[in-house]
Amino acid sequence: QVQLVESGGGLVQAGGSLRLSCAASGRTFSRWLMGWFRQAPGKEREFVATITWLGGSTRYADSVKGRFTISRDNAKNTVYLQMNGLKPEDTAVYYCAAEPTFAILTTHLGYRYWGQGTQVTVSS
């Protein structure tokens, strides 16, 4: 079974930084796509960033470009989301997602495997 475990969320002031981690287990992830999504209260789950496990190709939502960086450590089966310049509108539960595909997917409908989520709260 694929397991994804997020960590690193918390409360931070606007302009601050956080690094989220997603530890993956249960499979060999060399051909998997890994993504970060977020969901604020009363809103739909939205795409944040994605990275191919093998090649390291990335894609970002326009709202986080230049502030967030997704990366991976293949040896640790871990994906990271470095979040800088945080804004109150970044407040949400952040989810890690995985899908065995070579495609770049920016919709949550394309991912079958999800972590439990980690809360990020940015105060103004």
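The first residue in the sequence is number 1, and the count goes up from there. These numbers come from a predicted model, not from an experiment. Any value given below was found using the heavy atoms of this structure, including those in side chains, with hydrogens, waters and symmetry copies removed.
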Visitor: What's the separation between atom CD in Q119 and atom CD in E6, rounded to the nearest 0.5 Å?
Guide: 12.0 Å
Visitor: Under 3.5 Å, side chain of T69 to main-chain N/O of Q82, donor-acceptor pair present?
Guide: no
Visitor: Identify each donor-acceptor pair in which a side-chain atom of residues 10-21 lies under 3.5 Å from a protein atom, sequence neighbours left out, and give them as a table.
Guide:
unit_1 : atom_1 : unit_2 : atom_2 : d
S17    : OG     : N84    : OD1    : 2.9

Visitor: With rounding to the nearest 0.5 Å, note down the distance linking CE in M34 to OG1 in T52.
Guide: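 Spacing of CE (M34) from OG1 (T52) equals 11.5 Å.
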Visitor: Calculate, to the nearest 0.5 Å, the distance between atoms CZ and CD belonging to R31 and E99 respectively.
Guide: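 It is 14.5 Å, given to the nearest 0.5 Å.
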Visitor: When you measure from the side chain of Y111 to the backbone N and O of T106, does any donor-acceptor pair fall under 3.5 Å?
Guide: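 Not confirmed, Y111 side chain does not pair with T106 backbone.
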Visitor: Roughly how far, to the nearest 0.5 Å, is OH of Y60 from CG of L81?
Guide: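 Answer rounded to 0.5 Å: 7.5 Å.
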Visitor: CZ of R45 to OG1 of T107: how many Å apart, nearest 0.5 Å?
Guide: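 Going from the CZ atom of R45 to the OG1 atom of T107 covers 11.0 Å.
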Visitor: Would you say F37 and V93 make side-chain contact, with heavy atoms under 4.5 Å?
Guide: no
Visitor: Find out whether W36 and C96 are in side-chain contact, i.e. whether some heavy atom of one side chain is under 4.5 Å from a heavy atom of the other.
Guide: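 Yes, at least one pair of side-chain atoms sits under 4.5 Å.
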Visitor: Report yes if some heavy atom in the side chain of Y80 is under 4.5 Å from a heavy atom in the side chain of T78; otherwise report no.
Guide: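 With C-beta onward as the side chain, the pair touches.
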Visitor: Roughly how far, to the nearest 0.5 Å, is the CZ atom of R38 from the CE atom of M83?
Guide: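 CZ of R38 is found 9.0 Å from CE of M83.
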Visitor: Can we say D90 and K87 salt-bridge, meaning some charged N sits less than 4.0 Å from an Asp/Glu carboxylate O?
Guide: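 No, this pair does not count.
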Visitor: Side chains of L33 and T50: does their closest heavy-atom pair fall under 4.5 Å?
Guide: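 With C-beta onward as the side chain, the pair touches.
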Visitor: Check whether any side-chain heavy atom of Q116 lies under 4.5 Å from a side-chain heavy atom of Y95, and answer yes or no.
Guide: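 Q116 does not reach Y95 side chain to side chain.
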